[in-house]
Amino acid sequence: MINKTVQTVEEALEGVSSGMTLMLGGFGLCGIPENAISEIVRLGISDLSCISNNAGIDDFGLGLLLQQKQIRTMIASYVGENAEFERQMLSGELEVILTPQGTLAEKCRAAQAGIPAFYTPAGFGTEVAVGKENRSFHGKNYVMEEAYQADFAFVKAWKGDAAGNLIFKGTARNFNPLMCGAAKVTVAEVEELVPAGALDPNQIHIPGILVNRIFQGRDYEKRIEQRTLRNT
Amino acid sequence: MINKTVQTVEEALEGVSSGMTLMLGGFGLCGIPENAISEIVRLGISDLSCISNNAGIDDFGLGLLLQQKQIRTMIASYVGENAEFERQMLSGELEVILTPQGTLAEKCRAAQAGIPAFYTPAGFGTEVAVGKENRSFHGKNYVMEEAYQADFAFVKAWKGDAAGNLIFKGTARNFNPLMCGAAKVTVAEVEELVPAGALDPNQIHIPGILVNRIFQGRDYEKRIEQRTLRNT
Amino acid sequence: MALDKKNIAKRIAKELKDGFYVNLGIGIPTLVANYVPKEIQVEFQSENGILGMGPFPYKGGEDADLINAGKQTITSLPGASFFDSAMSFGMIRGKHVDLTILGAMEVSENGDIANWKIPRKLVKGMGGAMDLVASADNIIVAMMHVNRKGDSKLLSKCSLPLTGLRCVKRIVTELAVLDITSKGFLLVERAPGVSVQEIKEATAGKLEIPVDVPEMQF
Amino acid sequence: MALDKKNIAKRIAKELKDGFYVNLGIGIPTLVANYVPKEIQVEFQSENGILGMGPFPYKGGEDADLINAGKQTITSLPGASFFDSAMSFGMIRGKHVDLTILGAMEVSENGDIANWKIPRKLVKGMGGAMDLVASADNIIVAMMHVNRKGDSKLLSKCSLPLTGLRCVKRIVTELAVLDITSKGFLLVERAPGVSVQEIKEATAGKLEIPVDVPEMQF
């Protein structure tokens, strides 16, 4: 067993620096790498390009990096729910590259799997397709999209073992598995870190080969964006 | 819950006919849809194109279809271990399209996921790349490969529920998950069929949306090709 | 009388067929889940990674790890499954989802849809909408027939940046049910008490009006 | 004296580094697993869907659902995982596997490899070999220096249909360890008791011979 465990978030983020391209898992605030985000804030690095489906809210998630003006380029599919984001975008401080959600997912997966490019119907005939190869297969039109290239991927899993194997929970899975192995270095934080052999090899969502460093996360807030209830 | 259960293998294979393109899961004899293969033999249909990593052995797996001369075209990555196969191939009765194993897997996955084509480095500069688009990304050469188009996919899972959700076991997973939803109709046979709700939704390998019919398989032989033991 | 949002959802629910996997957009489409006919079984897919989505949880049953695409807390039903976003959009692009119901800012008479961007206004992004409209064979749009200024949103050509081309099949508004055909918008049903003339006036694109236009039934 | 297959495997095992994920081909490469230095940790990947592959099972411990790429019954080690073939080749194409060790029929002085097809003979297929050689940054070939007829298999140009282009980094034969460089085959080590002259005679491609060619150490 190859041990991927690191003891601290500082150690986990060693090598992250200004100007890098980062992938961050999560959908809204669900399944975001809270510990890594806090540490990036603490490191005070800037000029970052962030690939993440959303941009957090004002005071949580990627919103914390926006507050400190650490992000130069945001690559996302949906960026509502964030006043500071809007301000920076409208003022031109922040570059925003909007990408269809399925394309964003597949561009991560392509990077993970060594596929340099693929075709998708999403965005054909829209401004998303401008400047990209358009091509027809079997009478339907598609756009060519290329794999992302990133320096670090930060993901959050439910359980993980020392070998770096990961299991996600519910819809907190989302983009996290696709970003594993999609950047030069993948850092996984987990709610529960167990010894190798404690997880059923049949139930592992992401094999440890796609994870470079794993650590036991702390103080998860797991904030709920839209607490919606049924009447009793 | 949308119920995908059918009671018999006959019902499961309704609509399969001569001249069709079939996908069949399994690696060697591991994880092959034994019940579906037996039923195809019984149906006596022919002129089939079969997409499967291997072609079975003389008296088991796809070898049973070869014995009856039901296969016209075999699309596979490795076809050793089968004397009748060799005879038919050398005599020209059987057309064989050899495809790199990873490309075969990805062409199934592309069909499942609505990706019409993708680029892979596998086979660049070899006869596999002849007649296909060759293209360079970031200084490396790739070959364009298109998604498969098939009529039926036959897969074998370990456990499944009435909603068509599937869980595979060990290395019997292989190509089975990738073929689900990759053909017009996907038929899953399982060793153990349970009611919807009995499987943990976190542990499902293939969601039921990718399966059209599911049935409780019978009399699994699960033959071992190379029983290799350690000395005690 | 023009329908309210609930009744638009109720009318759309009649389009559901037994065995359908359905993706519901945010807004009116979400309400459709409340009106599934009892005699049929459908399953709801949420593109953030669940199939077999159930209703909102009771108080105390919320789970931060279980939300829908609108980031609302939800529950899962027996037979549900969780999966990653690549698998989720694989289902969508691979045409495994049978019906997509979503909102729109504009629809054109050839089925183009615009629902993600207003130039010079704040753009929040397309989310999964471009994937959904480019992939689905069966798209129903739930929308208001006219905007707040009273301008028609059913146009000969969309004025806003497109989300997808020639993809909408059917539109349900507060006034009518319309299909996209080679001749433009075909008036299929009108809301109870709404006249053909009213619909005609509210539709800027080409409108094909059959001799008999029945009222919607609920 | 020329090495036997076990010693070729033993020499290759010295190339393993702590933390390496390794894919072993059928034949001599499989034997490498027996000689992993005790002080390092490596994990073996088998492209049919397992990481953390262990030794063959004891009698009674065979499981038909647990085999390697050679279709042999195997076991799994603590920390192992199972996955589908797309994920498996994603690991390979995505360069997550650190070292690939495989056999060859021919290797050329520029690193081309031929190991899947002999024209006019029965073709069994390339299996995963084309994916492996096209993807791996670190490929070691385990092979015999000459074929049964005594012809060199280390050529200036492969005569057989290629499996991959310019991909081999190092070759270990019964006679020598050689690297592929811009100047052709570079003689790195010779088998104990084997002379440089013997290696020279057995190598058809361009051979670069340093002043000092040490004997292999085991």
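First the proteins, then the strands, lettered A, B, ... as listed; each starts at 1.
Contact detail for Gln226(B) and Gly70(D): the closest heavy-atom pair is CG-O, 3.6 Å. What you find for Arg173(B) and Phe82(D) is that their closest heavy atoms are NH2-O, 3.2 Å.
No more than 12 heavy-atom neighbours from other residues, nucleotides or ligands sit within 6.0 angstrom of CZ on Arg218(B). For Lys132(B), the NZ atom sits in a packed shell: over 12 heavy atoms of surrounding residues, nucleotides or ligands are nearer than 6.0 Å. The environment of Lys157(D) atom NZ is sparse: at most 12 non-hydrogen atoms of other residues, nucleotides or ligands sit within 6.0 angstrom.
Ranked by heavy-atom pairs under 4.5 Å with chain D, the list Pro177(B), Ala122(B), Cys108(B) is led by Ala122(B). Of the residues considered (Arg109(B), Lys169(B), Glu106(B)), Lys169(B) shows the highest number of contacts with chain D, using heavy-atom pairs under 4.5 Å. Annotation: maximal heavy-atom pairing with chain D below 4.5 Å, among Thr99(B), Leu90(B), Asn141(B), Asn82(B), occurs at Thr99(B). Note on Pro121(B), Ala172(B), Ala105(B): by heavy-atom pairs under 4.5 Å with chain D, the leading option is Pro121(B).
Residue contact with chain D, scored on non-hydrogen atoms closer than 4.5 Å, involves the backbone and the side chain of Glu86(B) alike. Heavy atoms of Ala69(D) lying under 4.5 Å from chain B belong to its backbone as well as its side chain. In this structure, the portion of Asn231(B) lying under 4.5 Å from any heavy atom of chain D is its backbone and not its side chain. Heavy-atom distances place the backbone of Thr163(D), and not its side chain, under 4.5 Å from chain B. Contact of Glu191(B) with chain D is made through the side chain alone, with heavy-atom distances under 4.5 Å.
The interface of residues 123-153 of chain D with chain B, defined by heavy-atom distances below 4.5 Å, comprises Val123(D), Lys124(D), Gly125(D), Met126(D), Gly127(D), Gly128(D), Met130(D), Asp131(D), Ala134(D), Ser135(D). Residues of residues 90-113 of chain D lying under 4.5 angstrom from chain B, judged on non-hydrogen atoms, are Arg93(D), Lys95(D) by number. Residue-level contacts of residues 49-67 of chain D with chain B, in order of numbering, are Gly49(D), Ile50(D), Pro55(D), Phe56(D), Pro57(D), Tyr58(D), Lys59(D), Glu62(D), Asp63(D), Ala64(D), Asp65(D), Leu66(D), Ile67(D); threshold 4.5 Å between heavy atoms. Within residues 152-160 of chain B, no residue has any heavy atom under 4.5 Å from a heavy atom of chain D.
Rounding to the nearest 0.5 Å gives a distance of 10.5 Å between CZ of Phe124(B) and CZ of Arg166(D). Between Ser88(D) atom OG and Phe27(B) atom CZ the span is 9.0 Å, to the nearest 0.5 Å. In this structure, OG1 on Thr126(B) lies 9.5 Å from NZ on Lys117(D), to the nearest 0.5 angstrom.
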Test side-chain contact (heavy atoms from CB on, under 4.5 Å) applied to Phe89(D) and Leu104(B), step by step: CA-CA 10 Å; Phe89(D) 283 91; Leu104(B) 198 152; over 6 Å; no
Practice task
Run the numbers on Thr171(B) and Ser46(D) for side-chain contact (heavy atoms from CB on, under 4.5 Å), then give the verdict.
Solution key: CA-CA 9 Å; Thr171(B) 57; Ser46(D) 191; over 6 Å; no
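Within the 4.5 Å cutoff, the side chain of Asn53(B) has no heavy atoms near those of the Ser85(D) side chain. Counting heavy atoms from C-beta on, the side chains of Asp84(D) and Phe175(B) never come closer than 4.5 Å.
The backbone N or O of Arg227(B) lies less than 3.5 Å from no partner atom in the side chain of Thr73(D), so there is not a single donor-acceptor pair.
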